[in-house]
Protein chains: 2
Amino acid sequence: MQKPLYQQVILDLEGLIKKMKPNEKLPSERQLLVKYGVSRNTIRLALQNLEERGLIYRLHGKGTFVSSIYLDRPNIGGIYSFSEELTREGQKATTQNQSLELVMPTTKIAEQLNLAENEQAYKLVRLRLANGQPRMFSTTYLPEKLFPKLEITDLRSKTLYGVLKEKYNQLSVIAFEDVQAVSLGKPESEYLDVKEGSPSLKIYRKTINDKNIPIEFTISLARGDKFIYRSRQYNDLIK
Amino acid sequence: MQKPLYQQVILDLEGLIKKMKPNEKLPSERQLLVKYGVSRNTIRLALQNLEERGLIYRLHGKGTFVSSIYLDRPNIGGIYSFSEELTREGQKATTQNQSLELVMPTTKIAEQLNLAENEQAYKLVRLRLANGQPRMFSTTYLPEKLFPKLEITDLRSKTLYGVLKEKYNQLSVIAFEDVQAVSLGKPESEYLDVKEGSPSLKIYRKTINDKNIPIEFTISLARGDKFIYRSRQYNDLIK
DNA sequence: CTTTTTAACTGGTTGATACCACTTTGAGTT
DNA sequence: AACTCAAAGTGGTATCAACCAGTTAAAAAG
């Protein structure tokens with residue numbers, strides 16, 4: 001049971017890229033095709049994947065090059081993780097797990113998680129703090145069928161993603177996030193320890209696994225004055 | 001001078017998707033191939049693009065489905081291609097170029113653009129509208145040495161990125177963006193036609209070209225009730 | 001020697017074909 | 001009626017071939 005060819009090419013090219021300098025030119029597609037003994041389609045599949053993840057960029061008529069950002073920023077393309085972001089800034093991140101319960105989701109949530117009529121979901125409410133100060137208030141929904149017997153005690157020593165990965169063997173691959181600016185209502189403002197009506201980031205996140213199946217849907221509220229959302233956008237759009 | 005086939009397919013499928021419900025099944029690749037009279041390669045190219053942009057998702061052995069990624073959809077976000085994203089949604093995107101002047105940037109701006117002590121920058125102020133309604137107020141700084149003799153008339157018929165690419169051969173590759181929630185002050189609230197103190201997204205963007213040189217720094221304010229910022233985060237795993 | 005043109009690169013698009021891996025369905029068996 | 005399993009359908013991987021569209025450098029022209 002061997003991995004697909006294009007994934008083998010990806011792995012090899014990743015090693016090659018790591019040894020190269022930013023903006024250095026990679027072998028052309030036709031050279032790679034000979035080197036690996038595969039078709040050009042397969043090479044292009046691999047390159048496309050590397051481009052999507054920001055490791056390389058391609059210029060029509062010129063060639064394929066190592067992206068510069070990758071080397072400077074180790075966390076490139078990684079799924080956004082609250083604790084990782086904070087520890088990188090030297091702050092201490094803690095999480096208060098407020099509650100975990102099995103609920104019948106609203107139609108909107110069920111739609112996001114691809115749940116059928118009578119399927120339930122876990123509702124996890126968390127408060128994230130930095131240096132003991134509230135930063136983000138999150139409500140997470142997880143399909144019950146994917147994570148049977150999830151316990152709040154599972155989350156005592158591990159992060160949520162750690163539990164999903166180790167206990168349920170669920171790997172998140174892509175997260176879609178929508179970010180909006182809102183005014184805080186009363187209950188949330190109390191959680192975040194700010195005045196009612198304060199500006200806040202409302203973040204919707206939907207995470208899917210490698211089978212394109214949704215494994216998580218989270219709605220977060222973050223303090224506008226203490227929280228910055230960071231992202232990187234790659235220019236791969238059609239012109 | 002015709003658009004590539006797969007892009008025509010994309011446009012047509014976008015129209016189809018808009019009429020469908022979340023999680024509804026699309027025609028199979030082999031059905032689409034007959035319908036459009038193109039090869040399966042072309043169909044898959046189109047579907048792959050739609051999948052990347054989160055409009056559809058595919059399940060091995062089951063089919064291709066309409067994504068539920070759009071939430072309330074008051075607007076589609078992604079500052080990166082404001083006009084393209086909007087026209088794709090069937091909305092009419094327009095830009096009012098308020099002013100363009102050559103200025104001596106603040107140290108903060110100069111730092112972002114890698115400018116030396118006495119180097120100047122163009123300051124471009126724009127108001128972006130959707131269906132005639134103000135959505136985003138942007139102030140953009142461009143290094144004068146990279147874009148000599150930039151004229152506001154250049155922007156009459158083309159987008160900013162179009163001008164940068166065609167007149168100056170500058171290709172943006174990566175944009176770093178920081179997003180924050182703020183309350184709008186008086187002048188900005190008037191521009192965006194909302195009450196003072198309304199929640200707003202403040203977006204800092206730094207764009208870098210293929211030589212790793214900063215070519216643009218923009219600070220934007222977007223209406224919190226009408227603008228959603230969307231991003232996609234990839235995990236390190238190979239799909 | 002400078003300019004122009006051509007040829008040889010580069011990645012981008014498209015077609016045709018085949019088989020693999022996973023899911024659902026339905027015919028056949030028990 | 002329930003079960004088994006083959007067939008048909010789905011997207012995923014892979015090859016071969018050809019041409020298009022930008023870019024660059026070498027050859028030809030002035």
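By convention in this document, chain letters (A, B, ...) are assigned in the order of the sequence lines, proteins followed by strands, and residues within each chain are numbered from 1. In what follows, every heavy atom counts, from backbone to side chain, and hydrogens, waters and symmetry copies are set aside. Owing to the predicted nature of the structure, the values given are computational and were not obtained by experimental measurement.
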Exercise for the section: Answer with yes or no whether the side chains of Glu177(A) and Tyr229(A) bring together a donor and an acceptor at under 3.5 Å. Expected result: yes
Problem - Upstream residue (5' side of DNA chain D) when His60(B) and Asn41(B) are each assigned their closest nucleotide - result: His60(B)
Practice task
Return the value, rounded to whole Å, for the distance between atom CG of Leu45(B) and atom P of dG11(D).
Solution key: 15 Å
Fill in the blank from the handout: Out of dT14(C), dT13(C), dC19(D), minimum distance to the side chain of Arg30(A) belongs to dC19(D)
Practice task
Choose from dT24(C), dG11(C), dT13(D) the nucleotide whose nearest atom is closest to any side-chain atom of Ser28(A).
Solution key: dG11(C)
Fill in the blank from the handout: With the side chain defined as heavy atoms from C-beta on, Ser39(B) is closest, among dA14(D), dG12(C), dG15(C), to dG15(C)
Practice task
Kindly indicate, with the supporting measurements, whether the criterion ring-ring contact (aromatic ring centres under 6.0 Å, His included) is fulfilled by Tyr141(A) and Phe217(A).
Solution key: CA-CA 5 Å; Tyr141(A) 295 89; Phe217(A) 185 69; 7.1 Å; no
Problem - N-O pairing of Glu216(B) and Lys206(B) below 4.0 Å - result: no
Restricting both atoms to N or O, compile the protein contacts to nucleotides 4-8 of chain C shorter than 3.5 Å, with distance only.
none

Practice task
Could you check how far CG of Leu33(B) sits from C1' of dA18(C), rounded to whole Å?
Solution key: 14 Å
Fill in the blank from the handout: To the nearest angstrom, the NZ-P distance between Lys62(A) and dG22(D) comes to 14 Å
Practice task
Between dT15(D), dG12(D), dT23(C), spot the one nearest the side chain of Arg58(B), thanks.
Solution key: dG12(D)
Handout entry: Asn49(A)-Gln7(A) side chain donor-acceptor pair, cut-off 3.5 Å
Key = no
Handout entry: Closest nucleotide among dG11(D), dG11(C), dT10(C) to the Lys25(A) side chain
Key = dT10(C)
Practice task
Take the protein atom CD of Glu29(A) and the nucleotide atom C1' of dT23(D), then report the distance between them rounded to whole Å.
Solution key: 15 Å
Problem - Side-chain H-bond candidate by donor/acceptor type, Arg128(B) with Thr95(B), under 3.5 Å - result: yes
Fill in the blank from the handout: note: Lys211(A), atom NZ; dG12(D), atom P; distance rounded to Å ~ 10 Å
Practice task
Report the distance from atom CG of Leu5(A) to atom P of dA21(C), rounded to the nearest whole Å.
Solution key: 12 Å
Handout entry: Among dG12(C), dA14(D), dT14(C), the nucleotide that comes nearest once only the side chain of Pro4(B) is considered
Key = dT14(C)
Handout entry: Distance below 4.0 Å between Thr64(B) side-chain N/O and dT10(D) OP1 or OP2
Key = no
Practice task
State whether a side-chain donor-acceptor pair under 3.5 Å links Asn41(A) with Tyr6(A).
Solution key: no
Practice task
Please report, rounded to the nearest Å, how far the C1' atom of dG9(D) is from the CD atom of Gln31(B).
Solution key: 10 Å
Handout entry: Check against side chain to side chain contact (heavy atoms under 4.5 Å, CB included), Asp12(B) and Val9(B)
Key = CA-CA 5 Å; Asp12(B) 195 83; Val9(B) 174; 5.8 Å; no
Completion exercise
DNA chain D nearest-nucleotide lookup for Gly37(A) and Gly61(B): closer to the 5′ end is Gly61(B)
Practice task
Whole angstrom is fine here: how far is it from CZ in Arg40(A) over to P in dC9(C)?
Solution key: 14 Å
